[in-house]
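In what follows, chains carry the letters A, B, and so on, assigned in the order in which the sequence lines appear, proteins first and then strands, with residues in each chain numbered from 1. As a basis for the values below, the full set of heavy atoms in this structure was taken, side chains included, without hydrogen atoms, waters or symmetry mates.
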Amino acid sequence: MIKPPTTLNELKERTKQIAGLTIGELAKQRQVGVPSDLKRQKGWQGQFIESCLGADAGNLSEPDFSLIGVELKTLPIDFSGRVLESTYISVVNIKNHQGLTWENCATKHKLSHVLWVPIARIKDQPLENSRIATPFLWQPNDKEARQLKQDWEEVMDLVALGQLGQLNARMGEILQVRPKAANSRVLTDTTDSEGNHSQTLPRGFYMRPQFTQGLVDRFLKR
DNA sequence: AGGTGATCATTA
DNA sequence: TAATGATCACCT
């Protein structure tokens, strides 16, 4: 295991060590095997990069690098720099949302400082040929911070009212809400608009690809 | 059961 | 083909 970085500079130095490498090259350095694709191990790549950089938050709802409050997100792109997927951020607290505010929620904490690690891949090519692009740190500017707050509050207002049926993926400029579960039969407890106990599909906050595309364009300057 | 890491696969 | 809805693996 790699020790968690204690300073931002330490983290930056580590990202320089992996920038430009293919997944295969980095895996060889670390002496780990690479799955042929991500069909059955969708999170492998993200967890591999976490282990290489010393992320230590495990599955806690807090930033990956706990000592410096930085969240790590790998970002799948193609070799022309186009973002290929949305980015999962956090669970939507469908229960235990009382007292939850934008200021004290995990979603805001995670997004307050993010290390984006873009990884370029070619569809149907072996995963080991994917190449780590230049990682970059991002913090929301004022406009982005306002929009994130608004997106989050719009969703959580519906949750607080028990209007789960109103939730859909079209809401939100930056963040959207989509299912987050092992499958569509998974249910979590909730309270409906009339105060009755009910169950619903667990949801997560995801960052729209259009937004992360903007970040890539800004920081990688195509 | 419900978090973490996400991508897959079908729909519109 | 972009976007939505569904799904996979691992961890505590």
**Message:** Please determine whether any donor N or O and acceptor N or O are separated by less than 3.5 Å between the side chain of A/Tyr206 and the base of C/dA3.
**Reply:** no
**Asked** Are A/Thr188 and B/dA1 close enough that a side-chain N or O sits under 4.0 Å from OP1 or OP2?
**Response** no
**Request:** Please determine, for the side chain of A/Lys95, which listed nucleotide (B/dG5, B/dT7, B/dG2) has the closest atom?
**Result:** B/dG2
**Request:** Rounded off to whole Å, could you give me the CG-to-P distance for the A/Leu38 and C/dA6 pair?
**Result:** 22 Å
**Message:** Taking 4.0 Å as the cut-off, does a side-chain nitrogen or oxygen of A/Tyr88 come that near to OP1 or OP2 on B/dT7?
**Reply:** no
**Item:** Distance test, side-chain N/O of A/Ser61 to OP1/OP2 of B/dT4, below 4.0 Å
**Value:** yes
**Complete:** Rounded to whole Å, CG of A/Asp124 lies from P of B/dC8 at a distance of 10 Å
**Fill in**
In short, A/Trp138 meets A/Trp116 closest at the heavy-atom pair CE3-NE1, 3.5 Å
**Asked** Rounding to a whole Å, what distance do you find between A/Met171:CE and C/dT4:P?
**Response** 12 Å
**Asked** For the side chain to side chain donor-acceptor pair (under 3.5 Å) test, which of A/Arg208, A/Gln176, A/Arg178 pairs with A/Ser86?
**Response** A/Arg178
**Message:** Please report the distance, rounded to the nearest Å, between CD in A/Glu62 and C1' in C/dT12.
**Reply:** 16 Å
**Message:** Which is more 5' along DNA chain C, the nucleotide nearest A/Lys180 or the one nearest A/Gln176? Just name the residue.
**Reply:** A/Gln176
**Request:** Indicate whether OP1 or OP2 belonging to C/dA9 is found under 4.0 Å from a side-chain N or O atom of A/Arg40.
**Result:** yes
**Request:** Using a 4.0 Å heavy-atom cut-off across all strands, classify A/Arg203 as base, sugar-phosphate, or nothing.
**Result:** nothing
**Prompt:** What does A/Ala169 touch in the nucleic acid at a heavy-atom separation under 4.0 angstrom: a base, only the sugar-phosphate, or nothing?
**Reply:** sugar-phosphate
**Message:** What contact category does A/Leu84 fall into here, base, sugar-phosphate, or nothing, at under 4.0 angstrom with non-hydrogen atoms?
**Reply:** nothing
**Prompt:** Within the pair A/Arg185 and C/dA6, is there a side-chain N or O less than 4.0 Å away from OP1 or OP2?
**Reply:** no
**Request:** Would you indicate, yes or no, if C/dA3 has its OP1 or OP2 atom less than 4.0 angstrom from a side-chain nitrogen or oxygen of A/Gln210?
**Result:** yes
**Item:** Touch class at under 4.0 angstrom, heavy-atom based, for A/Pro76 against every strand present
**Value:** sugar-phosphate
**Prompt:** Whole Å only: how far is the CG atom of A/Asp37 from the P atom of B/dG5?
**Reply:** 21 Å
**Request:** Answer yes or no: side-chain N or O of A/Glu85 and base N or O of B/dC8 forming a donor-acceptor pair under 3.5 Å.
**Result:** yes
**Request:** Using a 4.0 Å heavy-atom cut-off across all strands, classify A/Asn168 as base, sugar-phosphate, or nothing.
**Result:** nothing
**Asked** Is there a donor N/O on one and an acceptor N/O on the other, under 3.5 Å, for the side chain of A/Lys110 and the base of B/dT4?
**Response** no
**Fill in**
Atom CZ of A/Arg178 and atom C1' of B/dA9 are separated, to the nearest Å, by 12 Å
**Prompt:** Which part of the nucleic acid, if any, lies within contact of A/Ala57, taking any heavy atom under 4.0 Å across all strands shown: a base, the sugar-phosphate backbone alone, or nothing?
**Reply:** nothing
**Request:** Scan A/Gly43 against the nucleic acid and name what it touches under 4.0 Å (heavy atoms): base, sugar-phosphate only, or nothing.
**Result:** base
**Prompt:** From the list B/dG2, C/dT7, C/dA2, which nucleotide is the closest neighbour of the side chain of A/Arg82?
**Reply:** C/dA2
**Asked** What is the distance, rounded to the nearest whole Å, between atom CG of A/Asn183 and atom C1' of B/dA1?
**Response** 13 Å
**Asked** Within this structure, what is the CG-to-P distance between A/Leu60 and B/dG5, rounded to whole angstrom?
**Response** 10 Å
**Under 4.0 angstrom between A/Ser86 side-chain N/O and C/dT4 OP1 or OP2** = no
**Request:** Carefully, step by step, assess A/Asn9 and A/Glu13 under the rule side-chain hydrogen bond (donor to acceptor under 3.5 Å, both in side chains).
**Result:** CA-CA 6 Å; A/Asn9 274 334; A/Glu13 285 306 312; over 6 Å; no
**Check: B/dT7 base within 3.5 Å donor-acceptor of A/Lys39 side chain** = no
**Request:** Check A/Glu144 against A/Gln139 and note the closest heavy-atom contact, atom names and distance.
**Result:** OE1-O, 4.1 Å
**Request:** State whether a side-chain donor-acceptor pair under 3.5 Å links A/Ser80 with A/Asp78.
**Result:** yes
**Whether A/Arg14 side chain and A/Leu53 backbone form a donor-acceptor pair below 3.5 Å** = yes
**Message:** Is the phosphate of B/dG5 approached by A/Lys73 (side-chain N or O, under 4.0 Å from OP1 or OP2)?
**Reply:** yes
**Message:** I'd like to know if the side chain of A/Asp64 reaches the main chain of A/Leu72, judged simply by a donor and an acceptor atom lying under 3.5 Å from each other, with no hydrogens or angles considered.
**Reply:** yes
**Message:** Using OP1 and OP2 only, check whether a side-chain N or O of A/Gln47 sits under 4.0 Å from B/dA6.
**Reply:** no
